[in-house]
Amino acid sequence: MKARQVIPLVVLIALASGFSVGQQAAPKTPITAIKAGRLIDPETGTVAAQQVILIEGEKITKVGANLPIPAGATVIDLSQLTVLPGLVDSHTHMALTYKEQPENYYYYLTYITDSTAFRAIQAASNGVQMLNSGFTVVRDVGNNALYADAALRQAIEMGWLPGPTVIPSGPMIGSTGGQYWPTPEMYKEHNIMYPEYIDANSPDEIVRAVRENMLFGARTIKLCVDCKPWGYSVEDIRLAIREAEKGGCKVEAHCQTIEGVQRSIDAGVYIIAHNYPTPEQHKQMAEKGIFLAGTDTPFMPYRGSEAAFNRTVASLKDAWEKKVPLTFSTDMDYWNERMKDPKTGEWLSRGDLTMNFLETWKAAGIPPADVLRAMTINGYKASDIYGQRGPIKPGYFADIIAVSANPLDGVDALRDVRFVMKNGMVFKKDGVMMPEKFFNPGPVRMPNGRWTR
Ligand SMILES: [Zn+2]
């Protein structure tokens, strides 16, 4: 009996130490220890001083003060910095950049001038720029040509290039016409809606469109609820929600009318995009726990108007006061030649431009802790990845950033991202991302000063 007991014990020890009996040592999972001067928990809005985060491979294993650092661990000293989980843009378009030239900001034309392949490559560049600014997750919701968003997700997961975790929607699903008003010949003879939108009118077509998007890589479903007066009914939206559920997807409703918002609330969508809900509807969204991706555009030298900005600020403030679950969301999908840093004259990256949306949150007087929650916890929840990715807790993927100052004292601290780790891999250190200066969100090098192939 005694001898028989010894063998399993040996096997157990061997397994626990990473060896299997009679075989070579398996390659050891690298261990990283991050020393964090300050560690923010955005869930509670609190800071803990002098914390250690242990990471094994891609995942966090331990977090705490005075944790012993295992021998052989790579130590990353962020003791002078504030460490927090990676940020989320809950509504963006990585493969869409409509420009002043040549399409006069008319994005219907972008997909005539820019192929899916071309846009996918730009999306890859935008992904690097977003990660550099600390965004480790993006919800990429439509207007991405023929599944450039799903391809981007896959390429990043395959390790072909660095970038955030992408939650792609595939083409937006809408009733006849999507967001376009095409001519009969372009619509009927050239199928111009596709791939920017999938026309789905009847229940059968809605089911087919949702299934197709999930088949081709969508992780969320985006509906154009009221882009046209005929739009979707409560029953149509419920059908899409039920069908999406089968593939593990939640539904985001693009709404641009109060009626569309109401139908989406009544149907029980997961997220409502854009800032059309009324104060009364904010109340209903809060009660039902429907996320708002308000896409709260700031008034900048390169974009917006003061009047529109004031309306946006008032709407965001009201949503916050009514306790709607808010996400940080941008709809950042345009470019012009004024997108430069006024001080240095350098081009602003996709990440910088995204971060500029903080101006709206500041103007709405939303406390930094709540802005941070929108940019992290609520973003993970809206992305439907909460529980696997996001918080700096054992068992989660190590998506970690660090900034110099404390963003709980002022969210502009987020503009100075010094360190970025995604899936346990360091992408930016001491404020330096490798080819940082190379990437750009627009066509800044136009041969002969004009747009040409
Ligand atoms: Zn959008």
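Being a predicted model, the structure only gives us computed values, none of them experimental. Both ligands and their constituent atoms are indexed starting at 1 by order of listing.
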* Asked: Is the Zn ion (ligand 1) less than 2.8 Å from at least one N/O/S atom of Asp331?
  -> yes

* **Of all N/O/S atoms in His91, the name of the one nearest the Zn ion (ligand 1)** => NE2

* Contact flag His274/the Zn ion (ligand 1), N/O/S atoms, threshold under 2.8 Å -> no

* Any donor-acceptor N/O pair, Thr97 side chain to Tyr334 backbone, under 3.5 Å -> no

* Asked: Side chains of Lys393 and Ile60: closer than 4.5 Å at any heavy-atom pair?
  -> no

* Asked: How long is the span from the CZ atom in Phe397 to the CD1 atom in Ile385, to the nearest 0.5 Å?
  -> 10.0 Å

* Metal site the Zn ion (ligand 1): N/O/S of His93 inside 2.8 Å -> yes

* **Over 12 non-hydrogen atoms of neighbours within 6.0 angstrom of NZ in Lys317** => no

